[in-house]
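Reviewing the structure listed below.
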Protein chains: 2
Amino acid sequence: MPVPTITDVAKKAGVSLSTASDILNGKLKATPATAARVREAARELGYRPNALARRLRMRKAEAFGLVVPYRRPLFSSALLTDLLAGIQAEQQATGRNLVLAAGRYDQPGEVYGGDLVESRAVDGLIVIGTRESYGRDAGRDVRELRRLSCPVVWLHVYEGQEPVDRVARAGPDAGEEVLRHFAARGYASVGRLTNRINRAPGERPEFEPFRKRLEPLGLVSRPEWQGGGEAFDGAAFHAAMELLRRPAGERPRALLCEGDDLAVAALQAALGLGLRVPQDLALASTNNLSLSQSAAVPLTTAGAPASELGRAAVRRLMELIERPDQAPQTVEVPGGLIVRAST
Amino acid sequence: MPVPTITDVAKKAGVSLSTASDILNGKLKATPATAARVREAARELGYRPNALARRLRMRKAEAFGLVVPYRRPLFSSALLTDLLAGIQAEQQATGRNLVLAAGRYDQPGEVYGGDLVESRAVDGLIVIGTRESYGRDAGRDVRELRRLSCPVVWLHVYEGQEPVDRVARAGPDAGEEVLRHFAARGYASVGRLTNRINRAPGERPEFEPFRKRLEPLGLVSRPEWQGGGEAFDGAAFHAAMELLRRPAGERPRALLCEGDDLAVAALQAALGLGLRVPQDLALASTNNLSLSQSAAVPLTTAGAPASELGRAAVRRLMELIERPDQAPQTVEVPGGLIVRAST
DNA sequence: TTGTATGCGTTATCAA
DNA sequence: TTGATAACGCATACAA
C-alpha cells in the first residue's frame, strides 16, 4: 500500500473505519485506549487524510481563489505586492489554500475566477483590481461574478452602484488628506502624478476636477503640473522628470502622487535633477505601501496600509463562507496620514 | 437541484451516466445524435464538472504548489516579484491551478509545501528561495522534500551536493560577467553591495573571497567598500550611502550589486549624494529583473531574466508530473550581460 | 462506545 | 455503441 488511507489505519488499530475517522477528527468524547491505538497506528503508517476526498465529502473546497484581472503582468505593481503580502499572511491563519486564478491579463473584458468557482475548486473569491483597471466595465464584471452566487470580496477596487462586499479605506479620501497636509505645511502650489491606465500614453489627466479640489484649501496648480504613467515601466519617472525639469518658479512646491511607487519614481527624478526633498520639493503619496518607508527619503503617505486591506479581505471572505447569506457590506480599514521626511 | 451533476445531464439527455461522461470527455468515437443531445443538455443545465470529484477519481490534483520558504514576508522582494510573474504566466498555459503553500516565513528550519503534497492537494512543487535563505540547512530541506517522492523543482536556489531538479542560469556567473565588464570599461576600483540575509545586521560580507575574484581582472577593492542589506527595509540604501559618502578618491569607481533592487537603492543613494551615474559612479547588478529597465538611470545587469527562470521551472515541473521517474536535471536558462546607461 | 452502510460526483471496467 | 456497476477516500446517520 503506497499511500495509507484511513481504512488502513482502522485495520491496523483493529477498529472500524468510522471509529478511526471520529477519533482522528476529535469527534469522539473519550476512548482512552482505542484513541491511543488509532493515533499510534496513524502515526506509524504516516497517514495523511486525502484532502480531495474530504473536500468532496464535505462539499467544501477549503480554498479560496485570488483574481487579479489586471491589464498588465501580475505582480508587477508595488500595490499588488503589498496586497498579496497581507492576503498571504492572513490566509496562513485560515488553514485554507490560496489558489491563484489563471486568467490572461491582456483581455480586459473577461472576469476570471469563475471557472474556479464553477468547478468547485474554491469556496470563494477575492478580486483585486483598481478602479482604473476596470473603467466602465466594472458593473458588468460585478454582475457576472454575482451570477456565481458564491462569496466574493472586492478588494481595493470598486466604487460603483451595485452593492458588493468590499474592503475600502476608512475615513477621508487619502488624496484629500495629503492636500490638507500640504496646505498646513504652507506648500501653496501643487502638482500631481497619477497612474490611471485607461488614459492614452502622453495624455494628461483632467485638470479641472483637481483644481476644484485645491480651491477650498487655498492651493493652486497648473495643467502642465499633472503627469501620468505607471511606475513599473519607467513612464512615471519620465513624467516626473518632465514635470520637475522647470525653473524654480515654474514648478510646483509639492507633488501629490497617487501611489507610493509613483512617489518613489518622482523622488528619483527630483534627486536626479538636484532638487532637495523636501526643501525644494515636497512629496507625498496615497497608498501607504511598505516601500514608502524605505525610499531614499522616507515618504509621507496617507491611507490604510495596503497589506491591512489584504488581510481584511481574507477575514471578510471567511465570514461570508461561514455564513453566506449576508447583505453586502463594506469593511473599512482605518488609516491616516503618516508624515515622514519627504514633507 | 441547485448545481447540476453529470447525472442530471444524463437524465435530461435520456442516456446513461457513463455515456454522458464519455461524450463530454470526448472518449466516445462517434454518436452523432446522442452526442448532440448530451451536449445540449449540459449546456442548458449549465453543467460544470466538479473538479474535486474528478480529481479524486483521477488521482491527480491538477494543481501544483509554490513554496516560498523565505525569512521575510512573501512577495516583498523584487526578485520574487519577477519569478512569480514568470510562474504565473506559464501556469496559465498549463490549465492547472497554482496553489500558494501556506507556511510561516519566520520559521527557517521548516520546509513548506509538504502538507500540500501529502494531502494530495497538488501534484508537484516549485520551491523558490535563494542560496542565502537556506544557508547550511539546504541539504536537509532537500532531503526532507525528497522523502515525499513527488516532483519538486528548485528554482533559483540550490547549488549543493544532492542531485535535484532545478532551474539555473546558464553560462558564467553573473557577478563574474559584471566584473569583466567593469574591467573592460576601465573601472579599476570596485565596491560591492550584497543582500545575503544570514549575516548579522551591520556585519560586513567577507572581503577576501571577493578580492580574489578581482585580482585576475586587475581590479582592486577595499573591505569598507562592501555593504550588505535588503532593499525592502531600506538597509541596502543606507549601506550604499555609507559606502558612497566618501571623498572622490576614497570611494569605488564602480559598484557591483547582487540584485537589481539593491542597485536601485544604490542609485538613489548616489543621486542623493549628487554623484552622476555613470560618470562618477558606475552601477551594475546581477538579477536581470524587470525593474532594472525602469530605474532612474537604466541599469546594466547580467544573468537570465528572472521571469524566464520562473517559466522554465513550471515547464520542467510539468514534464516531471507527466513522467515522474526521471533523473534529476538542471535546466539552464540562457542570459548574458545587458549594458545600459548605468555603466 | 463502536460498527455498518451510504453517498459525495467522477471516471473506468466490462458486459450487453 | 451504450449501460450498469464499481471504485476513489472520506465523513456521517443510524443501528448495535
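Heavy atoms only: backbone and side chains are in, while hydrogens, waters and symmetry mates are out. Chain A is the first sequence line, chain B the second, and so forth, proteins listed ahead of strands; every chain is numbered from 1. Everything numeric here is computed off the predicted structure, so don't read it as measured data.
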(request) Test A/Arg37 against A/Glu40 for salt bridge (charged side-chain N to carboxylate O under 4.0 Å, His left out), laying out the working first. (result) CA-CA 5 Å; A/Arg37 256 204 344 276; A/Glu40 176 62 13; over 6 Å; no
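Side-chain N or O atoms of A/Gln329 include none that pairs as donor or acceptor with a backbone N or O of A/Gln326 at under 3.5 Å.
Between the side chains of A/Ser18 and A/Ser21, no donor-acceptor pair is found at a separation under 3.5 Å.
Computed from coordinates, the A/Asp8 CG to D/dC8 P distance equals 11 Å when rounded to whole Å. When the C1' atom of D/dC10 is taken as reference, atom NZ of A/Lys60 falls 14 Å away, rounded to whole Å.
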When the side chains of residues 45-54 of chain A are checked against the rest of the protein, which donor-acceptor pairs come out under 3.5 Å, sequence neighbours left out?
| residue | atom | partner | partner atom | Å |
| --- | --- | --- | --- | --- |
| A/Arg48 | NH1 | B/Glu118 | OE1 | 2.5 |
| A/Asn50 | OD1 | A/Leu52 | N | 2.7 |
| A/Asn50 | OD1 | A/Ala53 | N | 3.1 |

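For A/Thr94, there are no side-chain hydrogen bond (donor to acceptor under 3.5 Å, both in side chains) partners two or more places apart in sequence or in a different chain. Every residue was checked against the side-chain hydrogen bond (donor to acceptor under 3.5 Å, both in side chains) condition with A/Arg57, not counting sequence neighbours, and none meets it. With sequence neighbours left out, A/Glu44 forms a salt bridge (Lys or Arg N to Asp or Glu O under 4.0 Å) with A/Lys12.
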(message) At under 4.0 Å between heavy atoms, how does the protein contact nucleotides 7-16 of chain C? Give one character per nucleotide, 5' to 3', with B, S or -.
(response) BBBBBB----
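At a non-hydrogen distance threshold of 4.0 Å, nothing from residues 33-40 of chain B comes into contact with DNA chain C.
A/Glu62 has no carboxylate O lying under 4.0 Å from a charged side-chain N of A/Arg96, or vice versa, which leaves the two without a salt bridge.
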